[in-house]
Amino acid sequence: TPAPTAPEEGVGLTEEKLSARKGLPPLLVPIGSRRPEPLHYIGVSYGITAELYRFWKRAGFLCTYVRQVASDITGEHTAICLKPLDAVAGSNTDWLPKLHADFRRRFASLIGFSSLATLPPSLPLAVLSPKYVAAGGAEGRTQEGESVSLTAEELEENFSDYDIRRLESYADSIADHHLVVDLVPALARLFFLDRLPVALSFTQAAVLLGMGLQHRTIDALEVELKLEGRQLLANFNKTIVRFVKHFRQIREAAVARDLPAQRKVASAPLGDSLDEVLTAGGMEAKRAANSVREQKAQGEYEVPKDAAWESVLSKHAAAGSTPKGTISLPKRKAPVKEDKEEKEEKDDRGKGGSGKKQRKSEGGGGGKHTPGGGGGKHTPKGGNRK
């Protein structure tokens, strides 16, 4: 084919002659001969199901988008997952975890709207992937890149004192679960965003997600989870009990921080054991009691140092001998106790009284008389006097 020639001046498009050019670079080249372009990530799009999501998650892909409307053909929601590749020189790979965290926050709010609310709880639970849904959980994890538990200030912003009391009443089985239904969405959002490090089982997390994020009733969850209503309520009550316990710990820790620091008292260990100390104390008390008893006994039988005793000792001292054997001392008379009447008489005398009162008979005179009068004792009239 002849080489294309430039169109002559004045030649129209209909008269121009077109021909293929030669020596142009090829549009396609062998892949082995081309240097690969630097790639930051690879992505995958698919109709999301629990099985497919777990498959791509195990491969290292993070979900960044879920369509709110289901596909008309498959009836599934389209999901997009990304995976970062090896870091290119000068590139940053921190953007994907931040994008995934933002998606989780949005998905936790959107799950209660449109057709996402009809998804089985197991699928949103797999997408949100809370950290503390496991056997035993991992309470209190605060490593780098992980969320930290609520503070006392954030707790007060989300729940008032009356809200905490209602939760405590339900946890103590005093109130029905309808009393705390309005608080479940806030609790569920905080838990699934890893702000409440409380260990929950899969069933407890599924019930919390269904009631708090999808706004479903217990009757609707019975069909989805294939459990009886009383079993679902029992798991829900256990969840609230653990939340209340965690809230109490947060508030107690805040109060403890405001208290004055405790002084450290230096204490040395005891040289003796408690039994040895008690035994020694008992022996000391026994010796003290015996000492008091001996002092009383000595005072009872002690020889009084009076003039008679001194006289006997002085006689033996003058004779140059030591008293031996029995020493006789004059017997001391015991003090005579005053009669009560005598004491009263002395008191009256001291006050200027006249002593004992004299008893007078009706007929006058002294002594005792018979009705006939006269002194002394008399027999009736005409009798003999004795």
Side-chain angles (χ1 to χ4, degrees), residues 57 62-64 66 94-113 116-117 119 121-168 170-171 177 180-216 235-258:
K57 183 179 179 181
L62 297 179
C63 188
T64 58
V66 173
D94 295 339
W95 59 273
L96 186 55
K98 295 179 180 178
L99 182 61
H100 177 65
D102 181 72
F103 161 75
R104 292 179 69 243
R105 284 193 293 268
R106 295 181 60 248
F107 187 73
S109 301
L110 294 173
I111 197 176
F113 301 96
L116 293 175
L119 294 175
S122 58
L123 179 56
L125 187 59
V127 173
L128 291 173
S129 301
K131 298 176 182 177
Y132 308 107
V133 177
E139 299 187 10
R141 301 193 304 181
T142 57
Q143 299 178 1
E144 185 178 357
E146 297 184 354
S147 299
V148 185
S149 177
L150 283 178
T151 61
E153 293 75 13
E154 292 174 336
L155 182 62
E156 293 179 358
E157 292 177 0
N158 289 275
F159 305 99
S160 65
D161 291 338
Y162 297 102
D163 296 337
I164 301 296
R165 292 179 185 177
R166 281 191 291 155
L167 292 173
E168 291 176 349
Y170 177 69
H177 74 281
V180 297
V181 169
D182 60 310
L183 303 177
V184 179
L187 292 171
R189 181 174 178 82
L190 291 173
F191 174 77
F192 287 104
L193 295 181
D194 302 327
R195 299 305 310 277
L196 293 178
V198 178
L200 298 182
S201 65
F202 177 82
T203 305
Q204 294 170 354
V207 174
L208 181 64
L209 187 144
M211 295 181 63
L213 299 184
Q214 292 184 313
H215 308 292
R216 293 190 177 188
N235 283 277
F236 178 68
N237 182 265
K238 292 179 181 179
T239 302
I240 299 301
V241 168
R242 296 185 180 184
F243 285 161
V244 169
K245 181 180 178 181
H246 182 66
F247 291 162
R248 186 180 296 113
Q249 293 175 352
I250 293 176
R251 302 177 81 177
E252 290 176 354
V255 173
R257 287 194 300 268
D258 296 336

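For the single chain, residues carry numbers from 1 onward in sequence order.
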- prompt: Between Glu252 (side chain) and Gln249 (backbone), is there a donor-acceptor pair under 3.5 Å?
  reply: no

message: Is any side-chain heavy atom of Phe192 closer than 4.5 Å to one of Leu187?
response: no

Partners meeting side-chain hydrogen bond (donor to acceptor under 3.5 Å, both in side chains) with Asp182 (sequence neighbours left out): Arg166

task: Flag the pair Asp194 / Pro130 as yes when at least one side-chain heavy-atom distance between them is below 4.5 Å, and no otherwise.
output: yes

message: Assess the residue pair Leu190 and Phe159 against the criterion (side-chain contact (heavy atoms from CB on, under 4.5 Å)); give the C-alpha distance rounded to whole Å, side-chain angles, the decisive distance to 0.1 Å, and a yes or no.
response: CA-CA 12 Å; Leu190 291 173; Phe159 305 99; 3.8 Å; yes

query: Can you name the closest pair of heavy atoms from Arg189 and Ser109 and give their distance?
result: NH1-OG, 2.6 Å

Val133 and Phe191, any side-chain heavy atoms less than 4.5 Å apart: yes

task: Give the C-alpha distance, both sets of side-chain angles, the deciding distance and a yes or no for side-chain contact (heavy atoms from CB on, under 4.5 Å) between Leu196 and Phe247.
output: CA-CA 9 Å; Leu196 293 178; Phe247 291 162; 3.7 Å; yes

- line: Interatomic distance, CD1@Ile250 vs CD@Glu156, rounded to 0.5 Å, equals 11.0 Å

field: Leu209 side chain near Ile111 side chain, heavy-atom distance below 4.5 Å
entry: yes

- request: Walk me through it: do Phe236 and Tyr170 pass the test ring pair (Phe, Tyr, Trp, His ring centres under 6.0 Å)?
  value: CA-CA 10 Å; Phe236 178 68; Tyr170 177 69; 5.6 Å; yes

Shortest non-hydrogen contact from Ala126 toward Ser129: O-OG, 2.6 Å

- prompt: Considering all heavy atoms of both residues, which atom of Leu110 and which atom of Leu116 are nearest to each other, and what is their separation?
  reply: O-CD1, 3.6 Å

- prompt: Does any N or O in the side chain of Gln214 come within less than 3.5 Å of the main-chain N or O of Leu119, such that one atom is a donor and the other an acceptor?
  reply: yes

- prompt: Does any non-hydrogen side-chain atom of Phe202 lie less than 4.5 Å from one of Val207?
  reply: no

field: Nearest heavy-atom neighbours spanning Ala206 and Leu125
entry: N-CD2, 4.3 Å

- request: Answer whether the closest heavy-atom distance between the side chains of Leu155 and Arg251 falls below 4.5 Å.
  value: yes

query: Are side-chain heavy atoms of Phe107 and Asp102 found at a separation under 4.5 Å?
result: no

statement: Rounded to the nearest 0.5 Å, the CG atom of Asn235 sits from the CD atom of Gln204 at a distance of 5.0 Å

Nearest non-hydrogen partners of Pro185 and His215, listed with the distance: CG-CE1, 4.0 Å

query: Counting distance only, does the side-chain N/O of His100 pair as donor-acceptor with the main-chain N or O of Cys63 below 3.5 Å?
result: yes

- prompt: How long is the span from the CG atom in Leu99 to the CG atom in Leu62, to the nearest 0.5 Å?
  reply: 9.0 Å

- prompt: Going by distance alone, is a donor N or O of one side chain under 3.5 Å from an acceptor N or O of the other, for Ser201 and Lys238?
  reply: no

- prompt: Heavy-atom distance under 4.5 Å between the side chains of Val66 and Phe103, does that happen here?
  reply: yes

query: Okay, side chain of Arg242, backbone of Ala199: is any donor-acceptor separation there less than 3.5 Å?
result: yes

query: Under the 3.5 angstrom rule, does the side chain of Arg104 hit a backbone N or O of Leu128 as a donor-acceptor pair?
result: yes

